[in-house]
Amino acid sequence: MKLTIVTPEKRILVGQEVDEVTVPAFKGELNILPGHAPLITTLETGVMKWKLKGKEKQDVAVISWGYCQVSPEGVNILANIADLPEEIDLQATKEFLALSEKKIMNELITDEDWAEFQRDWAHARAKIEVAEQLPAKK
């Protein structure tokens, strides 16, 4: 099955052969294998994983909401944001998270601001989770 992952700013993968895909779907983690029933679902912010055909190691990306389409041809991911592990600045993400949490505790915010904070917070936590699993840079 082929996997395509795109955002408004970049193309992560286009038509790459994969053995499996795991996405953070609206109702929980969704594991997609070849022959999966066709579907369209919304994605939540979280960690997406896939295994390229013939490879042992899974690749990952942190995505911020989007859509997943599964068809007989493959899986298409349309994400608002997708960060690959090597693109994540762990220190900057931790600083962003700390400032955001301080702001949310000290300011009166609207429901819309609260919803945006929750998405940003989940995205930052997922980035930290992925970045902390990377081998230390020398």
Side-chain angles (χ1 to χ4, degrees):
M1 104 183 129
K2 294 183 186 256
L3 174 63
T4 297
I5 307 169
V6 296
T7 73
E9 285 82 32
K10 61 186 172 184
R11 294 185 288 179
I12 306 289
L13 288 176
V14 177
Q16 292 289 310
E17 285 289 332
V18 294
D19 290 326
E20 69 179 286
V21 178
T22 304
V23 295
F26 178 67
K27 295 283 185 176
E29 193 172 82
L30 176 63
N31 192 28
I32 305 162
L33 299 170
H36 195 288
L39 68 83
I40 295 177
T41 187
T42 55
L43 299 173
E44 291 293 319
T45 298
V47 179
M48 176 187 171
K49 303 171 188 171
W50 65 93
K51 191 161 67 166
L52 292 172
K53 193 163 193 76
K55 301 285 183 180
E56 290 296 317
K57 182 180 161 278
Q58 283 189 324
D59 291 308
V60 299
V62 176
I63 61 171
S64 179
W65 73 270
Y67 300 96
C68 173
Q69 175 199 30
V70 179
S71 70
E73 291 79 37
V75 180
N76 294 311
I77 303 295
L78 307 171
N80 186 45
I81 299 170
D83 297 304
L84 295 170
E86 60 271 13
E87 299 171 336
I88 297 171
D89 181 336
L90 182 58
Q91 187 60 37
T93 302
K94 286 182 175 182
E95 289 171 7
F96 169 81
L97 195 58
L99 286 173
S100 296
E101 289 172 349
K102 184 183 278 188
K103 179 180 177 182
I104 205 75
M105 299 301 277
N106 296 315
E107 293 182 18
L108 185 62
I109 61 169
T110 65
D111 288 345
E112 185 177 303
D113 289 339
W114 174 246
E116 182 178 340
F117 167 78
Q118 288 178 307
R119 281 191 303 271
D120 290 347
W121 186 87
H123 190 234
R125 292 296 315 151
K127 286 170 63 173
I128 290 168
E129 175 189 329
V130 166
E132 287 181 339
Q133 292 177 9
L134 291 175
K137 294 180 182 176
K138 295 182 180 181

So which atom in [X] and which in [Y] form the shortest heavy-atom distance, rounded to 0.1 Å?
X      : Y      : value
Pro24  : Val47  : CD-O, 3.6 Å
Glu101 : Phe117 : N-CE1, 4.2 Å
Val70  : Ala37  : CG1-O, 3.8 Å
Ile32  : Cys68  : CD1-SG, 3.9 Å

Lys57: partners by salt bridge (charged side-chain N to carboxylate O under 4.0 Å, His left out), with sequence neighbours left out: Asp59
Distance-only polar pair, side chains of Glu112 and Thr110, donor-acceptor under 3.5 Å: no
All side chain to side chain donor-acceptor pair (under 3.5 Å) counterparts of His123, not counting sequence neighbours: Asp83
Set of residues satisfying side chain to side chain donor-acceptor pair (under 3.5 Å) with respect to Glu29, sequence neighbours excluded: none
With the side chain counted from C-beta on, respond yes when [X] and [Y] share a heavy-atom pair under 4.5 Å apart, and no when they do not.
X      : Y      : result
Ile81  : Thr7   : no
Asp19  : Lys53  : yes
Val75  : Trp50  : no
Glu129 : Gln133 : yes
Met1   : Val21  : yes
Thr42  : Tyr67  : yes

Neighbour count >12 (heavy atoms, 6.0 Å) for atom CD, Glu132: yes
Any chain of hydrophobic side-chain contacts (each under 4.5 Å) joining [X] to [Y]?
X      : Y      : answer
Trp121 : Trp114 : yes
Val18  : Leu84  : yes
Leu78  : Val62  : no
Leu3   : Ile63  : yes
Leu52  : Val6   : no

Salt bridge (charged side-chain N to carboxylate O under 4.0 Å, His left out): pairs with one or both residues in residues 43-52, sequence neighbours excluded: Glu20-Lys51
Inter- and intrachain pairs under salt bridge (charged side-chain N to carboxylate O under 4.0 Å, His left out), touching residues 3-15, at least two apart: Lys10-Glu87
Residue pair Lys2, Gln16: steps toward the side chain to side chain contact (heavy atoms under 4.5 Å, CB included) verdict: CA-CA 5 Å; Lys2 294 183 186 256; Gln16 292 289 310; over 6 Å; no
Step-by-step side chain to side chain contact (heavy atoms under 4.5 Å, CB included) determination, Ile5 to Met48: CA-CA 10 Å; Ile5 307 169; Met48 176 187 171; 3.5 Å; yes
Residues in side-chain contact (heavy atoms from CB on, under 4.5 Å) contact with Pro85, at least two apart in sequence or another chain: Val60, Val130, Leu134
Rounded distance (nearest 0.5 Å) linking atom CD1 of Ile40 with atom CG of Asn76: 9.5 Å
Intermediate values then yes/no, side chain to side chain contact (heavy atoms under 4.5 Å, CB included), Ile128 and Arg125: CA-CA 5 Å; Ile128 290 168; Arg125 292 296 315 151; 4.0 Å; yes
CA sep, side-chain torsions, deciding dist, call: Leu39, Leu30, side chain to side chain contact (heavy atoms under 4.5 Å, CB included): CA-CA 11 Å; Leu39 68 83; Leu30 176 63; 4.3 Å; yes
Short side-chain to backbone donor-acceptor contact, Ser71 and Pro38, under 3.5 Å: no
